[in-house]
K.L.:
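Structure in structure tokens, see below.
Side chains are part of it too, since the values below use all heavy atoms of this structure and drop only hydrogens, waters and symmetry mates.
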Amino acid sequence: MTTFEKDEDSKALIKNALLGFNQQWESYRQRDDYPGDSEIDKMLESYEKLYMDISVKLRDLLPDKLTTELQNLAFMMRSKIHTMKSIEYDPLESAGECAHKAFEIYNNFDDYFK
């Protein structure tokens, strides 16, 4: 596999992770039965770890601005998880803010490489 192919595979992985989180949140948001705070916590924790892992493991392949955006998204998720556990807060709204940010990064993804 060439470096170009690895770069393209890495980009596809990141885009899938960003879009995947947004779509999973949408499926929770549209459910008739409330998924429960712990289920939303697990979703946020899973993606928070994924985004942090990507930003660390692929940092040499990514523009600094994208690495920073992924880390900030992970920090945002960690903050939302902590906030949901410490005070009364709407988990769907919290996850929605993170999903919106992930979708924004997804939509602007190619701009990070210009």
Side-chain angles (χ1 to χ4, degrees):
M1 185 178 286
T2 67
T3 302
F4 177 77
E5 289 171 326
K6 283 197 282 191
D7 288 352
E8 292 304 309
D9 285 349
S10 297
K11 288 178 183 179
L13 170 77
I14 298 166
K15 286 182 80 172
N16 287 338
L18 292 164
L19 186 58
F21 171 63
N22 185 270
Q23 289 178 340
Q24 187 173 0
W25 172 77
E26 280 291 334
S27 73
Y28 281 159
R29 191 176 68 80
Q30 295 177 16
R31 284 172 56 174
D32 290 334
D33 60 320
Y34 183 73
D37 295 357
S38 65
E39 197 173 330
I40 294 171
D41 274 356
K42 287 177 188 173
M43 177 186 66
L44 287 174
E45 287 171 352
S46 173
Y47 279 99
E48 179 247 345
K49 182 179 179 344
L50 177 62
Y51 296 143
M52 190 57 73
D53 286 349
I54 288 171
S55 72
V56 170
K57 291 177 182 174
L58 300 178
R59 71 184 174 277
D60 293 335
L61 300 174
L62 302 177
D64 290 339
K65 184 163 175 60
L66 179 56
T67 300
T68 300
E69 289 283 356
L70 291 169
Q71 289 172 342
N72 287 342
L73 179 56
F75 296 147
M76 179 184 191
M77 291 173 149
R78 175 56 44 203
S79 174
K80 297 294 184 187
I81 293 165
H82 176 72
T83 300
M84 287 189 294
K85 290 180 179 178
S86 62
I87 61 173
E88 190 172 316
Y89 203 74
D90 182 359
L92 283 176
E93 184 179 322
S94 292
E97 292 171 17
C98 296
H100 176 75
K101 181 62 178 172
F103 197 58
E104 181 182 299
I105 296 169
Y106 172 83
N107 282 328
N108 297 318
F109 192 81
D110 293 333
D111 293 342
Y112 293 102
F113 293 89
K114 291 181 179 178

K.L.:
What's the spacing between Glu39 CD and Leu44 CG if we round to 0.5 Å?
P.N.:
11.5 Å

K.L.:
Dump the intermediate steps for side-chain contact (heavy atoms from CB on, under 4.5 Å) on Ile14 and Leu70, then the final yes or no.
P.N.:
CA-CA 9 Å; Ile14 298 166; Leu70 291 169; 4.3 Å; yes

K.L.:
Find out if a path of hydrophobic residues (ILVMFWY) with successive side-chain heavy-atom gaps under 4.5 Å connects Met52 to Leu50.
P.N.:
no

K.L.:
How many angstroms lie between atom CZ of Phe109 and atom CG of Leu19, to the nearest 0.5 angstrom?
P.N.:
12.0 Å

K.L.:
Using the ring of each side chain (for Trp, its six-membered ring), is Phe21 parallel, tilted or perpendicular to Tyr47, with breaks at 30° and 60°?
P.N.:
tilted

K.L.:
Donor-acceptor check, side chain of Tyr51 to backbone of Ala17, threshold 3.5 angstrom: yes or no?
P.N.:
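Yes; at least one donor-acceptor contact below 3.5 Å.
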
K.L.:
Decide whether Leu18 and Phe113 are clustered together by the hydrophobic rule: side chain heavy atoms of Ile, Leu, Val, Met, Phe, Trp, Tyr closer than 4.5 Å, transitively.
P.N.:
yes

K.L.:
Over all heavy atoms of both residues, which pair between Tyr28 and Ile40 is shortest? Give the atoms and the distance, please.
P.N.:
CD1-CG1, 4.4 Å

K.L.:
Assigning hydrophobic clusters by single linkage (Ile, Leu, Val, Met, Phe, Trp, Tyr; side-chain heavy-atom cutoff under 4.5 Å), is Tyr112 placed with Phe75?
P.N.:
no

K.L.:
Can you check side-chain contact (heavy atoms from CB on, under 4.5 Å) on Asn22 and Glu26, steps first, answer last?
P.N.:
CA-CA 6 Å; Asn22 185 270; Glu26 280 291 334; 4.1 Å; yes

K.L.:
Okay, side chain of Ser27, backbone of Gln24: is any donor-acceptor separation there less than 3.5 Å?
P.N.:
yes

K.L.:
So which atom in Cys98 and which in Leu73 form the shortest heavy-atom distance, rounded to 0.1 Å?
P.N.:
O-CD1, 3.6 Å

K.L.:
NZ/Lys65 to CD1/Ile105 distance, rounded to the nearest 0.5 angstrom?
P.N.:
9.5 Å

K.L.:
Minimum heavy-atom separation for Glu48 and Ala74, please, with both atom names.
P.N.:
CG-O, 3.2 Å

K.L.:
Once you round to the nearest 0.5 Å, how far does NZ of Lys49 lie from CE of Met77?
P.N.:
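The distance works out to 13.5 Å.
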
K.L.:
Does a side-chain N-to-carboxylate-O contact under 4.0 Å join Glu8 and Lys11?
P.N.:
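Salt bridge present between Glu8 and Lys11.
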
K.L.:
From Asp7 CG over to Leu61 CG, what is the distance, rounded to the nearest 0.5 angstrom?
P.N.:
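Nearest 0.5 Å value for the CG-CG distance: 5.0 Å.
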
K.L.:
So, taking the atom named CE in Met76 and the one named CG in Asn72, what distance separates them when rounded to the nearest 0.5 Å?
P.N.:
10.0 Å

K.L.:
With a 4.0 Å cut-off, would you call Lys42 and Glu45 a salt bridge?
P.N.:
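Glu45 and Lys42: not salt-bridged.
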
